[in-house]
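Here the structure is laid out as structure tokens; the discussion comes afterwards.
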Amino acid sequence: MPELPEVETIRQDLLPLLVGKRLQTPFRHIVDPHHRNLERAAGDRILGLSRRGKYLLADLGARELVIHLGMTGQLAVQAAPPPTFRHPCVSWPLDDGSVLWFNDQRRFGWLVVVDRGDHASIPTLHRMGPEPLGADFDPESFATAVARVRGIKAALLSQRLVAGVGNIYADEALHLARLHPGRGALDRHEAERLHAAIRQVLGHGILHRGTTFKDYRDGMGRYGGNQAFLRVFDRTGEPCPVCQTPIVKIRVAQRGSHLCPTCQSPGA
DNA sequence: CTCCCGTCCTGTGGGC
DNA sequence: TGCCCACAGGACGGGA
């Protein structure tokens, strides 16, 4: 499940392989409504590769290629398809003989060409909250926002309070901030703890080149390294790194949620 | 408008 | 051993 650190790692890997190259006619290996208007970008040159939350944005000048990797999406830029790409969805030749390969086992990923900056057809991107590692993700605005929420984990996953947090880093940040995922409105101190925790877990995730829980690979097909540093995610029954209480897994916001029942008591 | 929940998809693993 | 089914989850969209 690529979240902000994984997508940022892929962006850094692919940037030098894509910028300056011209997209040719894409080949669709499968029919999927998640892959929209790709033919519109045939002939466009890739001018830049940026990231917004979990979305990759390839700047095509008048247009933009928007990529969301979903659960299992993988990208590679090379002449032949990586042998591990057993579910190829789109292969997109570039003008230097290399190919942008998109592989997606569970097909929750999105590939969409839009007019540059026109995100109206992509609701989550359109309403995306501030970049967590940017200056406009400030504690004051965040505290105001989380003072109104019904469930803090659902709010984090919505992308509207802050960009790029998914299930893994939500659990990690909530544990670091000592907040139960089912908590409602947060007070000022709690909000400041969570704000700092989000920055820390995402920053460390990038430094470790992402978390490979199962499927994630970087832009060169390599595993991430952050899984060795996870505090609670997928550590059910293992001791809390703070107090040694066994980590439990519960359902919050329709998602599996890992937490320490001592550090993250529901009432605190 | 917001909130909640079903839907999409396939590999995996537990139960029998 | 082999089969079946529940489960995993990001974003969307329909209904309340």
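Lettering of chains follows the sequences in order, A, B, ..., and the numbering in each one begins at 1.
- Nearest-nucleotide mapping onto DNA chain B: of A/Q254 and A/F108, the residue sitting toward the 5' end is A/Q254.
- The A/W110 side chain lies nearest to C/dC12 when the options are C/dC12, C/dG10, B/dT10.
- Counted by atom type alone, A/Y216 and A/E3 present zero donor-acceptor pairs between their side chains at under 3.5 Å.
- Summarising the geometry, the separation between CG on A/D32 and P on B/dC9 is reported as 8 Å, rounded to the nearest angstrom.
- Side-chain atoms of A/R150 lie closest to B/dC4 of the nucleotides B/dC4, B/dG11, C/dC12.
- Closest approach of A/G166 to A/L157, counting heavy atoms only: C-CD2, 3.4 Å.
- Between A/H34 atom NE2 and B/dT7 atom P there is a gap of 15 Å when expressed in whole angstrom units.
- A sub-4.0 Å separation between OP1 or OP2 of B/dT2 and a side-chain N or O of A/R127 is present.
- You'll find that the side chain of A/K249 is closest to C/dA8, out of C/dA8, C/dA11, B/dT2.
- Residues A/P241 and A/R231 come closest through the heavy atom pair CD-O, 3.5 Å.
- To the nearest 0.5 angstrom, A/R45 atom CZ is 11.0 Å from A/L94 atom CG.
- Rounded to whole angstrom, the span from the CG atom of A/D215 across to the P atom of C/dC7 amounts to 20 Å.
- Closest to the side chain of A/M1, from the set C/dC12, C/dG10, C/dA8, is C/dG10.
- A/G109 comes within 4.0 angstrom of nothing in the nucleic acid, heavy atoms only.
- Residue A/Q159 places none of its side-chain N or O atoms closer than 4.0 Å to OP1 or OP2 of C/dG10.
- Of the candidates B/dT10, C/dA8, C/dA11, the closest approach to any side-chain atom of A/R251 belongs to C/dA8.
- For A/K214, counting side-chain heavy atoms from C-beta on, the closest listed nucleotide (B/dG11, C/dG10, C/dA11) is B/dG11.
- A/I122 comes within 4.0 angstrom of sugar-phosphate atoms only, judged by non-hydrogen atoms across all strands, and of no base.
- For A/R148 and A/R107, each mapped to the nucleotide of DNA chain B holding its nearest heavy atom, the one lying further toward the 5' end belongs to A/R148.
- Whole-Å rounding puts the A/Q105 CD to C/dA8 C1' distance at 11 Å.
- Shown are A/I247, A/V242, A/L179; of these, the side-chain contact (heavy atoms from CB on, under 4.5 Å) with A/C263 is made only by A/V242.
- The nearest whole Å value for the distance from the CZ atom in A/R160 to the P atom in B/dC3 is 7 Å.
- For A/K153 and A/S257, the side-chain atoms include at least one donor-acceptor pair closer than 3.5 Å.
- At a cut-off of 3.5 angstrom, counting only N and O atoms as typed in the model, there is no donor on one side facing an acceptor on the other between the side-chain of A/R106 and the base of C/dG10.
- The distance between atom NE2 of A/H119 and atom P of C/dC12, rounded to the nearest whole Å, is 12 Å.
- Look at NZ on A/K54: it is 6 Å from C1' on C/dG10, rounded to the nearest Å.
- Here the P atom of nucleotide B/dC9 and the CD atom of A/Q74 are 19 Å apart, to the nearest Å.
- In terms of phosphate contacts, A/H68 brings no side-chain nitrogen or oxygen within less than 4.0 Å of OP1 or OP2 of C/dC12.
- For the pair A/R255 and C/dG10, the criterion of a side-chain N or O lying under 4.0 Å from OP1 or OP2 is met.
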